[in-house]
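Structure record follows, encoded as structure tokens.
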Amino acid sequence: MNVPLLTVTAAVPAVGAILTAAVPAARRNAAKWLALLFSLATLALAVLVAIRFEPGGDRYQLTESHAWIADFGVRYELGVDGIAVALIALTALLIPFVIGAGWNDADPLAEPISGSATWHSSRWRPTQGFFALILLVEAMVIISFEATDVFLFYIFFEAMLIPMYFLIGGFGDRAHAGSEENAAAQRSYAAVKFLLYNLVGGLIMLAAVIGLYVVAGNFSLQEIAAARAAGTLDMATNTERLLFLGFFFAFAVKAPLWPLHTWLPNAMGESTAPVAVLITAVVDKVGTFAMLRFCLGLFPDASKWATPVILVLALISIVYGALVAVGQRDIKRLVAYASISHFGFIVLGIFAMTSQGQSGATLYMVNHGISTAALMLVAGFLISRRGSRLIADYGGVQKVAPVLAGTFLIGGLATLSLPGLAPFVSEFLVLVGTFARYPVVGIIATVGIVLAALYTLVLYQRTMTGPVKEEVRTMPDLRLREVLVVAPLIVLLIGLGVYPKPLTEIVNPAVKHTMSDVKQTDPKPEVVVDAKNGEAAK
């Protein structure tokens, strides 16, 4: 029997979400363990997908195709290339850590009032709903990575906004300055802003999806690409450019790319640390992934046409995000603006149109997910102890909680792409790939590296070193559960920094296919060295 592995991989967390939500209200711990069990089962399936994937085989593997809405050419089509395999593995890997880090984040903060069976409305945190929503987001993200039917992708690209809206608006950060009413208003504002930005992007994309169907007659990514290659699909230049802009706008909002980024600092700042990780390390990757799969795959000529403007936007994201991060007083907003800078590097690598740049961009998606998860989760543990997100409220933490400070330092060093840690490899490839075709752009992008060192080291200095502040003098170090959440991420950062080959072997063949889609080859070096006599020639 041929098991539909991709469907099962996406269905397991969806089923887990339903079962977790159905756990009785009094069995909060059972809901937590059930959610963790389903997340681990999904991770096992993602590992199986990676094992069964053959890097040198067909472009899309483990494919599934079934009629769905036949009258409109919509099919249930799934398939993965190396890029999708890497991002599915990242998603499945991070969710157990998100669940472990948020183990107590959704527990009620007050006892029942006067023996009543209901919680005080301003303090009620439905634990089952929190973990069910996390699993639901995981399911939708995974199937978005698997979908090769444009309409199927669009449905889940938009549907994941609903559980994310409730996670941001309903389960906010407890370390909020001011009253509970003010905190609730800030959460509501962040959730609505997140939803509106992404809904506007999605509506514009919907118009482009309909336009694509009018032009191509179907939604199958593989059929449209084959028709373009065979010359049987006649797409006018202006039509292709308009469709490209519709898709790219939605993906740039999700990414997030300047100037469509402003929802991210609010969303991450008002969310719990695990939900903030879910936003920037998991959900936002769908946007950059879709640029590779759909923008370059469906509209290669328009992608090349738009490249100069997109490179400028990526550069602005890199420098602007890093500069604003330097001036932040809030730990979580600092990480949010740092992520905007990092996403600028990812977009830069994608549209550099070189194999090194696109390989680096894909690795950057994975490595940024791991490094941001490590830094943000440790920051969440720190904030939960002190009850404040303000950098000025800390000092001397390394003297009272050395393990917490040490893991925070490693997460920060990974964020600034220190050699030997995973993000360095991806950032290096992005810059090399960009410099090969656009040397001036590559040089300007290096400013982001300098600024990353500044905001990371200043953050560590102000929170972890110096005199011990009275408020942190009794701060406990990381507990066993917290160490189990962070330690594997640190190991991965070091392991992939020293030996990235397992990832590059999976990713590189898919990048070659993407380069073929846009009919680009890597620029040849201007200076070639003669191996026999060592002479250089132009």
Using the salt bridge (charged side-chain N to carboxylate O under 4.0 Å, His left out) criterion, which residues pair with K32? Sequence neighbours excluded.
D107

Can a donor-acceptor pair be found, under 3.5 Å and without considering hydrogens, that links the side chain of R386 to the backbone of E471?
no

Heavy atoms, side chains only, cut-off 4.5 Å: are K399 and T465 in contact?
no

Within a strict 4.5 Å, meaning less than it, do heavy atoms of the N266 and R333 side chains meet?
yes

Between E270 and K193, does at least one N-O distance fall below 4.0 Å, as a salt bridge requires?
no

So with a 6.0 Å cut-off around CZ of R329, is the heavy-atom count from everything else above 12?
no

Quick one: do Y364 and T288 satisfy side-chain hydrogen bond (donor to acceptor under 3.5 Å, both in side chains)? Show the steps, please.
CA-CA 10 Å; Y364 215 128; T288 47; over 6 Å; no

Donor-acceptor contact below 3.5 Å, side chain H342 vs main chain T415
yes

Starting at CG of L36, measure out to CZ of F97 and round the result to the nearest 0.5 Å.
10.0 Å

What's the separation between atom NZ in K285 and atom OG1 in T362, rounded to the nearest 0.5 Å?
12.0 Å

Within the side chain of T354, is there an N or O that forms a donor-acceptor pair under 3.5 Å with the backbone of G433?
yes

Nearest atoms (heavy-atom pairs only) where A92 meets A46:
CB-CB, 3.6 Å

Report yes if some heavy atom in the side chain of L334 is under 4.5 Å from a heavy atom in the side chain of I391; otherwise report no.
yes

Under the 3.5 angstrom rule, does the side chain of T456 hit a backbone N or O of A453 as a donor-acceptor pair?
no

Taking all non-hydrogen atoms of both residues into account, name the closest pair between A101 and L377 and its distance.
CB-CD2, 3.6 Å

Does the ring-ring contact (aromatic ring centres under 6.0 Å, His included) test come out yes or no for H368 and F345, once each step is laid out?
CA-CA 11 Å; H368 170 264; F345 276 107; over 10 Å; no

Under 3.5 Å donor-acceptor, R437 side chain and A352 backbone
yes

Please report the closest heavy-atom contact between R473 and V468, naming both atoms and the distance.
NH2-O, 3.2 Å

Grab the two heavy atoms, one from A35 and one from I99, that are nearest each other, plus how far apart they are.
O-CD1, 3.6 Å

Can any side-chain N or O of Y320 pair as donor or acceptor with the backbone N or O of P259 at less than 3.5 Å?
no

Check whether any side-chain heavy atom of L492 lies under 4.5 Å from a side-chain heavy atom of L93, and answer yes or no.
yes

Would you check if P163 and M140 make a side-chain contact, meaning some heavy-atom pair closer than 4.5 Å?
yes

ring-ring contact (aromatic ring centres under 6.0 Å, His included) against Y438, all qualifying residues, sequence neighbours excluded
none

Side chain R187, main chain F171, donor-acceptor under 3.5 Å
no

Is there a donor-acceptor pair under 3.5 Å between the side chain of R389 and the backbone N or O of I383?
no

I'd like to know if the side chain of D477 reaches the main chain of L404, judged simply by a donor and an acceptor atom lying under 3.5 Å from each other, with no hydrogens or angles considered.
yes

After noting the C-alpha distance and the side-chain angles of Y165 and F194, does the key distance pass the ring-ring contact (aromatic ring centres under 6.0 Å, His included) rule?
CA-CA 7 Å; Y165 169 80; F194 162 82; 8.1 Å; no

Is there a donor-acceptor pair closer than 3.5 Å between any side-chain N or O of S341 and the backbone N or O of Y337?
no

Which label fits F408 and Y460: parallel for a plane angle under 30°, tilted from 30 to 60°, or perpendicular past 60°?
parallel

Do the non-hydrogen side-chain atoms of V141 and E138 ever get within less than 4.5 Å of each other?
no

Do you know the tightest heavy-atom contact between S359 and V507?
CA-CG1, 4.3 Å

Is there a side-chain contact between L431 and I449 in this structure, where contact means two heavy atoms from C-beta onward sitting under 4.5 Å apart?
yes

L382 and M475, any side-chain heavy atoms less than 4.5 Å apart:
yes

May I ask you to establish whether K254 and F157 are in a cation-pi arrangement, using a distance under 6.0 Å from NZ or CZ to the six-membered ring centre and at most 45° from the ring axis?
yes

Parallel, tilted or perpendicular: rings of W258 and H261 (30°, 60°):
parallel

